[in-house]
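This report concerns only the one structure given below.
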Amino acid sequence: MKITGKELMEIGYAEGKALGVALTLLEKEYAGTQQSEQLTILKDVLANPEAYAGHAKLSALAKELLTPVDDTIALLPEGKPYTTYGAEAIEQGAKDQMNVAVKLPVAVAGALMPDAHQGYGLPIGGVLATRNAVIPYGVGVDIGCRMCLTLYDLPVSMLDENKTALKKMLMNNTMFGTATFKYTKDHEIFARKEFEDIRIVKDLKDRAWKQIGSSGGGNHFVEFGEVNITSAINQFNVNPGRYLALLSHSGSRGLGATIAGHYTRIAMDVCKLPQEAKHLAWLDLDTEAGQEYWLAMNLAGDYASACHHQIHERMAVGLRATPLAMIENHHNFAWKEKDADGNEVIVHRKGATPAGKGVLGIIPGSMATPGFIVMGKGVSTSINSASHGAGRLMSRTKAKQSILQGQVDAMLKDAGVELIGAGLDEAPMAYKNIHEVMKSQEELVEVMGTFMPKIVRMCGDKKFQEAD
DNA sequence: ATGTTC
């Protein structure tokens, strides 16, 4: 009778390579030794592998025990099938990233939106449904980045006739980049217990207080424009027609960015994946870290919403008017939703607009092209999603190198757009044609109306623009 | 996206 692997596991050997090495050694080197002594030796090697590193017979086993266990989680050989919308205009890097994402063992389904481009982990424009797992980089760095639109029963002619006053209103009531308000407005979100219960979130409360109501950098904006409603929005009693409107695009500022970084690091520590998938590390929702991230993510989402609401409140005061309707949606977030069979899945939308049946959303174009007010059709192959914009045609670096200010100025003049702030990296020509993108997702959303920007404010912070 | 490099 020889010692079995099962017996070795009883004395503490884990299933794996070291166990195999031990069994081989017993057979080759210790065949004549009593079993009880064999077990004693192996127990001792396991307890003190360092002591046996130079041992004539046991060094191979000691070396194996001293080698860190390879705890890399393998990707599935075959990824879950997924639908790509507008594939012909999507860069290969984004497709490659999606192909990796659907091979995660926790992946249930995926979809790629027509504005997709390469990001960290999941591509921007990527949608991924998982089982009981949340991927911090599947949500993105700017947790709860979102759109908010208010419609006013005010004459559209104000955009021309009161341009100076509206510009001033934007200058006085919005803050971009590193700028914050001297007098911040309180918000009920600061009473949330997550600010007490979660250490990392607690440490971020002061900065969140300073930044509330402000907008970020990059592609974030607050703009006045003309909305043309073509299909009545019954839930708000908004009839077809032209409306003065305010549209904002911003996220959760330092709060969300720090939460994202913190939990991504934890995820990458506990969930080791092959190199090409390492940024897709997930947190099991049954773990403490997973539950904490879920709460922190939801807080950051609500904070992003609160920032937009304060922006719109300040502007409503400036306009001395009450909005007819407010339409808003996150496009960097994870939601608990049901799949076709009624099972709960975690749907990550990283730069994708929720488009469940009857769900309203905003898909912006660029500073000189229209955005769209849409109603989702609830198409399951897109995991109830649509694009979150036109999508970049070129990187920020390439845009800054190849686009001339004069070209942008001419384009803005043509479109009748007044721009405050923004660098060449946000030039309209750095983006795909929004009309083509909308065509690629006709089956996903119904267009209820358009928004044409007229007075646009973006981040004018030079330091910000020189970065990346 | 980001007190823009823990």
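Lettering of chains follows the sequences in order, A, B, ..., and the numbering in each one begins at 1.
Seen from the ring of A:Tyr303, A:Arg253 does not count as a face-on cation partner, given the 6.0 Å and 45° thresholds.
Checking B:dT2, B:dC6, B:dG3 against the side-chain heavy atoms of A:His220 singles out B:dT2 as nearest. Ranking B:dG3, B:dT4, B:dT2 by closeness to the A:Gln211 side chain, first place goes to B:dG3. Proximity note for A:Asp142 (side chain, C-beta onward) versus B:dA1, B:dC6, B:dG3: the nearest is B:dA1.
Among the heavy atoms of the strands lying under 4.0 Å from A:Gly254 are primed sugar atoms or P, OP1, OP2 only; no base atom is included.
For the pair A:Asn219 CG and B:dT4 P, the computed distance is 19 Å after rounding to whole Å. Atom-to-atom, CE of A:Met458 to C1' of B:dA1 comes out at 13 Å; the value is rounded to the nearest Å. Protein atom NE2 of A:His279 is 15 Å distant from nucleotide atom C1' of B:dA1, rounded to whole Å. Across the protein-nucleic acid pair, A:Asp425 atom CG and B:dA1 atom P stand 9 Å apart, rounded to whole Å. Spacing between atom OH of A:Tyr120 and atom C1' of B:dT5 amounts to 12 Å, rounded to whole angstrom units. When rounded to the nearest whole Å, the span between CD1 of A:Ile200 and C1' of B:dC6 equals 12 Å. Regarding A:Lys210, its NZ atom lies at a distance of 17 Å from the P atom of B:dT2, rounded to whole Å. The distance between atom CG of A:Asn332 and atom P of B:dA1, rounded to the nearest whole Å, is 9 Å.
For residues 413-423 of chain A, every residue pair satisfying the side-chain hydrogen bond (donor to acceptor under 3.5 Å, both in side chains) rule, not counting sequence neighbours, is listed here: A:Lys167-A:Glu418. Contacts classified as side-chain hydrogen bond (donor to acceptor under 3.5 Å, both in side chains) and involving residues 118-132 of chain A (residues at least two apart or in different chains) are given here: A:Asn132-A:Asp284, A:Asn132-A:Asp286.
Between A:Trp335 and A:His330, the ring planes lie tilted relative to each other; the angle falls in the 30° to 60° range.
Applying the 4.0 Å criterion to OP1 and OP2 of B:dT2, one finds that A:Arg253 has a side-chain N or O inside that range. For B:dA1, the OP1/OP2 oxygens have a side-chain nitrogen or oxygen of A:Arg396 closer than 4.0 Å.
When ring centroids are compared, A:His249 and A:His331 come within the 6.0 Å threshold.
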